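The sequence lines fix the lettering, A, B, ..., with proteins before strands; numbering per chain opens at 1. For clarity, every value in this text was computed on a predicted model and none was experimentally measured.
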Amino acid sequence: MNERYDFKAIEQKWQKRWQEEEPDRVPDAPTGKKYYVLEMFPYPSGRIHMGHVRNYTIGDVIARYKRMRGYEVLHPMGWDAFGLPAENAAMQHGVHPVVWTHDNIDHMRTQLKAMGLSYDWQRELATCDPAYYRWEQQLFLRMLEQGLAYRRETTVNWCEDCQTVLAREQVIEGACWRCDQPVLPRLMAGWFFNITRYAEELLRDLDTLSGWPERVLAMQRNWIGKSTGLACDFQVENSEEQITIFTTRPDTIFGVTFMSLAVEHPLLKSLSKGLPQHEAVQAFIQETIIAKQRASLEQETEKRGVFTGRYCINPYNGERVPIYAANFVLMEYGTGAVMAVPAHDQRDFEFARAYDLPVRVVVQPEGENLQAETMQEASIGPGLLVNSGSFTGMESEAAQQLIINHAEQQGFGRSHITYKLRDWGVSRQRYWGAPIPVVHCAHCGIVPVPEEELPVLLPGTGTAPGTHQPLHQQEDFLAVQCPACGQPARRESDTFDTFVESSWYFIRYTSPGHDTGLVDKAAAASWLPVDQYIGGVEHAILHLLYSRFFTKMLRDLGYIGVDEPFTNLLTQGMVLKDGFKMSKSKGNVEDPSTLIEQYGADTVRLFSLFAAPPERDLDWNPQGVEGASRFLARVYRLIALNLGCFADNSPISPENLDPDSRQVYRKTHQTIRRVSDSIESNFHFNTAIAGVMELVNTIGSPEEAGRCDAAVLRQSLETVLMLLFPMVPHFCEELWEASGHGQRLAQTAWPQYSAEAAREEELTIVVQVNGKLRAKLQVPEDTDDDTLKKLALQDEKIIQFLAGAQAKKIIVVRKKLVNIVL
RNA sequence: GCGAGAGUGGCGAAAUUGGCAAACGCACCAGACUUAGGAUCUGGCGGUGCACAACCUUGGGGGUUCGAGUCCCCCCUCUCGCACCA
């Protein structure tokens, strides 16, 4: 055995073996207890970064640990391969996205393999592969049949220069993030997924996700944004038209003094026709729409509006209510029309004060006497209803339901629920994505591509890659015969948002080679759900919500049998350097490959686990890496210098051990317990490693460890290797082999501890006087309470301290302390 | 503004969930070995005191308790998410 810890030779040796032996392959049908652990798959940007290292190390430790615990573990890896950066790189470097992407995948796969990650590489998939996206296209046809996918017109952010729609995040102060040209609103047709059909279930089932961080659950709840209240129709005066409003405060409806419409409200254009106000209203609409484009960053814009010249009738009291157009009303939420109650809503209050509109108090908070004229801000709390017709005198919260009931009896309103969640717009005008499989026919309208013609291949991606123009510019692709009538027609030129692919890849992993459908149902049934999912919190809403939606939809379409995709979610913290997120512009990037080259994968893994618990941010400290490296070198020497103990196969006889050996024996079993607990309870690998370090310290320096009883030493060293194996697999496997073990460590069961062996024989009992530490007692483990009390009172220091005073009370906590209260 | 989380030595962090605050590591200091040390080993290392003793110390202030980093109330600071959501 080499004297020095030669990580390079060791890691190469074991990676080669793993490549040949594929110890981590699992079948589609597990025979024993299954465990599915998954890390969020990477976008193939070119090189892995420290965030990947941390994410995949955490997942790998869990996978390896669970295998040692006897589970059959599904642990796959793949590539989220479609997306914008590949297309940009293609433009910049004159290389086709398919080439760029596959080159990146090849490089990153090599990097991941150099980390010693225990994936079932047979299951590797890339979402840009037609063998993957064809099933997405097939699923889309199902969704179309079910009304879960539909096409509609909507306003989008359009960059004329780039000829494409931009996501909201890509609009920087009203301009395109790439070319800095102004972004214009544009009415465009696009495809949507009907995620709102699942809004209620997506919300409700959050309560079942006890293995998710509260933070993520809260973000999703917030995003879905359920509100219950009253939808109520206000008749427009001298008109057949009605305006329906939504309110969560029906108890304030007698305080309505005007009505506010969003500038996009369909009624607004015609409402003021023929009135002197018409011109002003149209101008206001124009001006506000433009201002809204610009205002995405600013908050709290001034409340502005304009009177339409028309009135509507509050059905509760028959009052005439002036109708305003207002800049703060959202068309996207509720009905785009708001009943304004300035006394009890801050926005309405500001608007009323600005335009000198009446304020009427209808909820009087307990112990106050609100006067409309002197109010400085809206009063939004509960109270007793006043000026509220037959509801006057009621408690406001209790009155809400009665007021809704009244509307339902009279037929002008109803109980209503609204959500902030909107349907998911999946159309992208980009090239590098999965084509949406429909045809537009002048005669037949939208015609699905027949299933047997799938996949609709992304053109230009064959063995000799061709053009990567956006599809709407590729005439060869667009021209097609209508599948229904055979006449010339046009293919859909939009591609899917890449979040569509990542919404079901974890399902595909259960049978990645399956070629007759999206998933092999039996394989999916055996492996789903994912038991442990690991990734960055930045996906808390989009990816995780979409994946939950897909899971429920695929369940309803009969593909899978689970309600939720991810039973447990671990959101790992960011990797920082000097307190900042690593970024090229800050120049504080640590390159994983360089580090692995320099220290070895095991050291890098060990440090990333040891420096912080997984959910917390990790500050990358180069000196800390040295520490991790030093520890492994020490363990290496410890074993290299004490190989002799492995020759001894005699059992341990605890009763005959010298005190030092006894101590090592006990510490070994305590450490097994501690490390197991650290991993089981919350994956706190940092304390697990600290535990092993303590054990190594107890065993002693490599040179003097040989003084320990050989059988005990053997057991301790074996334990160290078994406990460290999930974290530093090459290292442990090498030392396991070098110390004469025939079977691979990976196939060895996680060690069991003996409670008897772990039991301390002597305890340190703390003696307190009035809760302050005054003395310590060394006593046999089985000392009873009365003896403890006696010993405490006999202690010299305690006698000094008491100075003859009488104890009022003495509290004894078993195995811990005695507290003497004076 | 709403929601979630966090605040402990010079630094990263522990604390069996109400029982010795600072485990483990980094940095630092001293010593040993050495031609040498950025290797290794031994010891020290929250603060005020001379090294004893004692006192102080988990963002701040109150409280519950024999006993509080941990539980309760008020406040401060920071991070993240949402944000004119009627």
- Can you check whether any acceptor in the base of C20(B) is under 3.5 Å from a donor in the side chain of K776(A), or vice versa? yes
- Message: Would you measure the distance from the P atom in U57(B) across to the matching atom in U70(B) and give it in whole Å?
- Response: 13 Å
- Query: Taking for each residue the nucleotide of RNA chain B with the nearest heavy atom, is it R422(A) or D619(A) whose nucleotide lies nearer the 5' end?
  - Reply: D619(A)
- Item | I380(A) atom CD1, over 12 foreign heavy atoms within 6.0 Å | no
- Query: Roughly how many Å is it from CG in L817(A) to P in G67(B), rounded to a whole number?
  - Reply: 13 Å
- When we call it a touch if two heavy atoms are under 4.0 Å apart, what does P613(A) touch: a base, just sugar-phosphate, or nothing? sugar-phosphate
- Touch check for F631(A), heavy atoms < 4.0 angstrom, all strands: base, sugar-phosphate only, or nothing? nothing
- Tell which nucleotide pairs with G1(B), taking only Watson-Crick or G-U wobble pairs whose two distances are both under 3.5 angstrom. C82(B)
- Do any side-chain nitrogens or oxygens of T687(A) fall under 4.0 Å of OP1 or OP2 in C24(B)? no
- Task: Quick one: label D617(A) by what it contacts on the DNA or RNA (base, sugar-phosphate, nothing), any heavy atom closer than 4.0 Å.
- Result: sugar-phosphate
- Message: Counting only heavy atoms not in E597(A) (residues, nucleotides, ligands), do more than 12 fall under 6.0 Å from its CD?
- Response: no
- Query: Does R215(A) place a side-chain N or O at less than 4.0 Å from the phosphate oxygens OP1/OP2 of C82(B)?
  - Reply: no
- Message: I want to check one thing: is the phosphate of U57(B), taken as OP1 and OP2, less than 4.0 Å away from some side-chain N or O of K772(A)?
- Response: no
- Query: Ignoring hydrogens and angles, are the base of C82(B) and the side chain of N222(A) linked by a donor-acceptor pair under 3.5 Å?
  - Reply: no
- Query: So what's U48(B) paired with, Watson-Crick or G-U wobble, going by both distances under 3.5 Å?
  - Reply: A54(B)
- With both distances under 3.5 Å as the test, what is the Watson-Crick or G-U wobble partner of A6(B)? U77(B)
- For residues T288(A) and N327(A), is any side-chain donor paired with an opposing acceptor at under 3.5 Å? no
- Please work out if V341(A) contacts a base, only the sugar-phosphate, or nothing of the nucleic acid, heavy-atom cut-off 4.0 Å. nothing
- Query: When we call it a touch if two heavy atoms are under 4.0 Å apart, what does K809(A) touch: a base, just sugar-phosphate, or nothing?
  - Reply: sugar-phosphate
- Task: In whole angstrom, give me the gap between the C1' atoms of A54(B) and U17(B).
- Result: 32 Å
- Message: In this structure, is the centre-to-centre distance between the rings of F351(A) and F258(A) below 6.0 Å?
- Response: yes
- Message: Please classify the nucleic acid contact of R637(A) as base, sugar-phosphate, or nothing, using heavy-atom distances under 4.0 Å.
- Response: sugar-phosphate
- Report the distance from atom CG of L817(A) to atom CD of Q768(A), rounding to the nearest 0.5 Å. 5.0 Å
- Would you mind pulling out the nucleotide paired to C24(B), Watson-Crick or G-U wobble, both distances under 3.5 Å? G12(B)
- Query: Starting at the 5' end of RNA chain B, which residue's closest nucleotide do you reach first, F801(A) or G691(A)?
  - Reply: G691(A)
- Message: Base, sugar-phosphate or nothing for G225(A)? Non-hydrogen atoms, less than 4.0 Å.
- Response: nothing
- Message: For the P atoms, the ones on C75(B) and on G9(B), what distance do you get once it is rounded to whole angstrom?
- Response: 24 Å
- Message: Does any part of the side chain of F284(A), heavy atoms only, come nearer than 4.5 Å to the side chain of V263(A), both counted from C-beta?
- Response: yes
- Within the structure shown, what part of the strands sits under 4.0 Å from R774(A) by heavy-atom distance: base, sugar-phosphate, or nothing? sugar-phosphate
- Query: How many Å lie between CD1 on I689(A) and C1' on A23(B), as a whole number?
  - Reply: 14 Å
- Task: Report which part of the nucleic acid Q768(A) touches: base, sugar-phosphate, or nothing (heavy-atom distance under 4.0 Å, all strands).
- Result: base
- Give a yes or no on whether a donor-acceptor pair under 3.5 Å exists between the nucleobase atoms of G38(B), that is its base, and the side chain of E626(A). no
- Task: Counting Watson-Crick and G-U wobble pairs only, both distances under 3.5 Å, name the nucleotide matched with C41(B), or none.
- Result: G31(B)
- Item | Glycosidic conformation of U17(B), taking syn as within 90° of 0 and anti otherwise | syn
- Please give the nucleotide sitting opposite U65(B) as a Watson-Crick or G-U wobble pair, both distances under 3.5 Å, or none. none
- Item | Between P of G25(B) and NE2 of H684(A), the distance in whole Å | 19 Å
- Can you check whether F499(A) and W424(A) have ring centres sitting under 6.0 Å from each other? no
- Query: When we call it a touch if two heavy atoms are under 4.0 Å apart, what does D677(A) touch: a base, just sugar-phosphate, or nothing?
  - Reply: nothing
- Taking atom P in both A22(B) and C29(B), what distance in whole Å separates the two? 24 Å
